[in-house]
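What follows is a single structure, written as structure tokens, with notes after it.
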Amino acid sequence: MACSCCYGLPYNHHHHRNQPLSPPVISSLLCFLLVVASPLVCADDSSDFGRRNQTLRPDEELRKMKLIRDHLQKINKPPVKTIQSPDGDIIDCVRTHQQPAFDHPQLTGQQPLDAPERPTGQNPSEELPEDYQLWRLSGESCPDGTIPIRRSTEADVLRASSIRRHGRKSTKNVRRDSSSTGHEHAVGYVSGDEYYGAKASINVWAPKVTSPYEFSLSQMWVISGSFSDDLNTIEAGWQVSPELYGDNYPRFFTYWTTDAYQATGCYNLLCSGFVQTNNKIAIGAAISPMSAYRGGQFDISLLIWKVRLFGGLKLSLRLNRDI
């Protein structure tokens with residue numbers, strides 16, 4: 001289990017199983033605005049094409065692939081530059097105002113605002129290294145006015161249970177405790193007061209998962225409401241998820257929902273929700289380096305705070321390396 005330190009709001013570490021199925025501090029700012037989003041509307045293919053391996057007739061296969069390509073065209077925005085990552089990812093440098101968040105009716109035609117000031121005492125003082133994510137090992141970067149977005153592929157969608165569920169969590173067994181079947185996790189949390197921000201430092205590891213549909217993660221989880229239909233969450237951390245990404249790398253991720261994972265929310269930038277303003281970090285991309293047993297340690301620090309000017313919450317990412 002990853003070592004962690006957390007202030008103000010929940011942090012947890014999950015390992016999910018489906019049945020049967022002193023050191024120098026290096027930092028950067030990654031800001032997002034969570035907008036109020038309407039239920040996610042996507043093209044849907046009712047067949048569970050990712051897991052059932054059904055034999056489809058040629059016309060059904062053509063229809064399925066057309067739905068997938070239409071979905072990818074919607075979420076993969078036209079890049080001004082493309083970067084090939086050593087792990088096989090393709091990173092698209094997309095104009096900031098063309099990211100998926102601006103598909104939302106409330107943001108259509110608008111321009112992203114400058115990032116707000118961080119809370120007192122939380123300003124980073126050192127530059128981010130060049131190798132904090134694997135795609136940066138290429139030496140390439142996204143130009144000003146753009147943000148890096150991991151390109152979704154047909155294989156990513158095919159691993160999902162359906163097109164509608166691509167990039168979204170299961171709605172089953174949404175609990176804070178660890179008594180739900182097949183979902184083992186530990187949680188440290190505070191509640192019962194008014195909170196305007198939270199911070200967590202999370203050690204980065206690469207735990208092994210034995211099934212393509214298992215995942216393991218360590219995250220900060222900011223919640224309101226009850227664990228029923230009115231649950232609101234903002235989540236950020238690292239995760240290993242072969243189903244979502246097709247490999248076993250630990251990846252920086254975000255998630256949000258306003259209705260207990262029913263009709264709203266998604267991972268990363270796979271729907272309208274988070275507005276990214278930083279051009280150095282790709283959400284969903286692999287983190288580098290990782291911690292090693294009896295070796296060097298690497299952690300990420302996450303800060304989420306309420307911004308009065310925007311009426312929303314901001315998220316920043318800071319990377320710390322023990323050399």
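Positions are given from 1 along the sequence.
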For this session: Examine distances only and state if a side-chain atom of Asn278 and a backbone atom of Lys280 form a donor-acceptor pair shorter than 3.5 Å.
Result: yes
Problem set entry | Glu235/Lys169 ion pair, N-O < 4.0 Å | yes
For this session: Answer yes or no: is there a side-chain heavy-atom contact under 4.5 Å between Cys266 and Asn268?
Result: no
Exercise. So Thr277 and Thr96, side chain to side chain contact (heavy atoms under 4.5 Å, CB included) or not? Walk me through it.
Worked result: CA-CA 7 Å; Thr277 61; Thr96 308; 5.5 Å; no
For this session: Report yes or no: does Arg69 contribute a side-chain atom to a donor-acceptor pair with the main-chain N or O of Glu154 at less than 3.5 Å?
Result: no
Problem set entry | Derivation and outcome, salt bridge (charged side-chain N to carboxylate O under 4.0 Å, His left out), residues Lys66 and Asp70 | CA-CA 6 Å; Lys66 182 180 184 303; Asp70 289 346; 2.9 Å; yes
Problem set entry | Pair Thr82-Asp92, side-chain hydrogen bond (donor to acceptor under 3.5 Å, both in side chains): steps then yes or no | CA-CA 5 Å; Thr82 295; Asp92 289 328; 3.3 Å; yes
Exercise. In Å and rounded to the nearest 0.5 Å, what is the CD to CD1 distance from Gln219 to Ile300?
Worked result: 10.5 Å
Exercise. Which heavy atom in Ala206 sits nearest to a heavy atom in Met290, and how many Å separate them?
Worked result: CB-SD, 3.4 Å
Exercise. What heavy-atom pair brings Leu270 and Gly167 nearest, and what distance separates the two atoms?
Worked result: CD1-CA, 3.5 Å
For this session: Quick one: pull up CD in Gln239 and CD1 in Ile287 and give me the separation to the nearest 0.5 Å.
Result: 9.5 Å
For this session: Measure the shortest side-chain to side-chain distance between Ile304 and Tyr195 over non-hydrogen atoms and say whether it is less than 4.5 angstrom.
Result: no
Exercise. Are Asp103 and Lys77 ion-paired here, with the side-chain N under 4.0 Å from a carboxylate O?
Worked result: yes
Seminar exercise, completed: Rounding to 0.5 Å, atoms CH2 (Trp205) and OG (Ser218) come to a distance of 11.5 Å
For this session: Please test Val209 against Phe215 for side chain to side chain contact (heavy atoms under 4.5 Å, CB included), starting from the C-alpha separation and ending with a verdict.
Result: CA-CA 6 Å; Val209 295; Phe215 68 85; 5.6 Å; no
For this session: With the side chain counted from C-beta on, respond yes when Pro79 and Cys93 share a heavy-atom pair under 4.5 Å apart, and no when they do not.
Result: no
Exercise. Arg150 side chain to Asp89 main-chain N or O, any donor-acceptor pair under 3.5 Å?
Worked result: no
Problem set entry | Connected via hydrophobic side-chain network under 4.5 Å: Ile83 and Ile149 | no
Exercise. Between the side chain of Thr257 and the main-chain N/O of Thr264, is any donor-acceptor distance below 3.5 Å?
Worked result: yes
Exercise. Side chains of Tyr261 and Leu231: does their closest heavy-atom pair fall under 4.5 Å?
Worked result: yes
Exercise. Does any non-hydrogen side-chain atom of Ser152 lie less than 4.5 Å from one of His166?
Worked result: yes
Problem set entry | Carboxylate-amine/guanidinium contact Glu61 Lys64, below 4.0 Å | yes
For this session: For residues Ile75 and Cys271, determine if any side-chain heavy atom of one lies less than 4.5 Å from a side-chain heavy atom of the other.
Result: no
Exercise. Where the side chain of Ser272 meets the backbone of Pro100, is there a donor-acceptor pair that is under 3.5 Å apart?
Worked result: yes
Problem set entry | Any Asn248 side-chain heavy atom under 4.5 Å of Lys208 side chain | no
For this session: Determine whether more than 12 heavy atoms belonging to other residues, nucleotides or ligands lie under 6.0 Å from atom NZ of Lys81.
Result: yes
Exercise. Going hydrophobic residue to hydrophobic residue with side-chain gaps under 4.5 angstrom, can you get from Leu134 over to Ile91?
Worked result: no
Exercise. Distance-only, no hydrogens or angles: does the Glu214 side chain make a donor-acceptor pair with backbone N or O of Pro212 under 3.5 Å?
Worked result: no
Problem set entry | Sidechain-backbone polar pair: Gln297 side chain, Ala292 backbone, donor-acceptor under 3.5 Å | yes
Exercise. Does Ile147 offer a backbone N or O that forms a donor-acceptor pair with the side chain of Gln276 under 3.5 Å?
Worked result: no
Exercise. Considering all heavy atoms of both residues, which atom of Ser211 and which atom of Pro242 are nearest to each other, and what is their separation?
Worked result: O-CG, 4.3 Å
Problem set entry | Where Ser141 and Arg136 come nearest, the two heavy atoms and their spacing | CB-NH1, 2.8 Å
Problem set entry | Straight-line distance of Leu158 CG to Ile68 CD1, nearest 0.5 Å | 4.0 Å
Problem set entry | Spatial distance of atom OG1 (Thr146) from atom CD (Gln98) [nearest 0.5 Å] | 10.5 Å
For this session: Any chance you could measure Asn203, atom CG, to Asp299, atom CG, to the nearest 0.5 Å?
Result: 6.0 Å
For this session: Examine Ile202 and Val222 and state if one hydrophobic cluster contains both, with Ile, Leu, Val, Met, Phe, Trp and Tyr joined whenever side-chain heavy atoms are less than 4.5 Å apart.
Result: yes
Exercise. Quick one: are Gln133 and Trp135 in side-chain contact, heavy atoms under 4.5 Å?
Worked result: yes
Problem set entry | Main-chain N/O of Leu244 paired with Tyr267 side-chain donor or acceptor, under 3.5 Å | no
Exercise. Same hydrophobic cluster for Ile90 and Ile281, using side-chain heavy-atom links shorter than 4.5 Å among ILVMFWY?
Worked result: no
For this session: Answer yes or no: is there a donor N or O on one side and an acceptor on the other, between the side chain of Ser291 and the main chain of Phe298, under 3.5 Å?
Result: yes
